[in-house]
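Below, each value reflects all heavy atoms present in this structure, side chains not excepted, and no hydrogens, waters or symmetry copies. Positions are given from 1, in the same order as the sequence printed here.
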Amino acid sequence: MTKREWQIRSERLGLEAQLRERNKELKLLYDFSRLVDKAEKSIDDILMGLLRILSDAFQNLRARVP
């Protein structure tokens, strides 16, 4: 594989990682919107739900809430 092919592959992998992160961010916003739309939820329930969905959006897997 040539140097240019390695560069292209590396760039592609970087772009794929960025796309995965954007996808997680959009999923977080969508999930939070659904959580808030449920009128029967209390503020405490919404905040606890937010903690659960926030852990999925972190890049660092060690930062996830169990």
| said: Please check if the number of heavy atoms outside L15 that lie under 6.0 Å from its CG is greater than 12. | reply: yes
| task | Supply the atom-to-atom distance M1 CE to I8 CD1, rounded to the nearest 0.5 angstrom. | result | 10.0 Å
| field | Separation of L50 CG from M48 CE (nearest 0.5 Å) | value | 10.5 Å
| said: Check this for me: does any side-chain nitrogen of one of R34 and D31 sit under 4.0 Å from a carboxylate oxygen of the other? | reply: yes
| task | Salt-bridge test for E5 and R9: reply yes if a basic N is under 4.0 Å from a carboxylate O, no otherwise. | result | no
| field | Heavy-atom pair with the smallest gap, counting every atom of I46 and L35 | value | O-CD2, 3.3 Å
| said: Under 4.5 Å between side-chain heavy atoms, counting indirect links through other Ile/Leu/Val/Met/Phe/Trp/Tyr residues: same cluster for L28 and V36 or not? | reply: yes
| query | Given side chains that start at C-beta, do those of T2 and W6 come closer than 4.5 Å, heavy atoms only? | reply | no
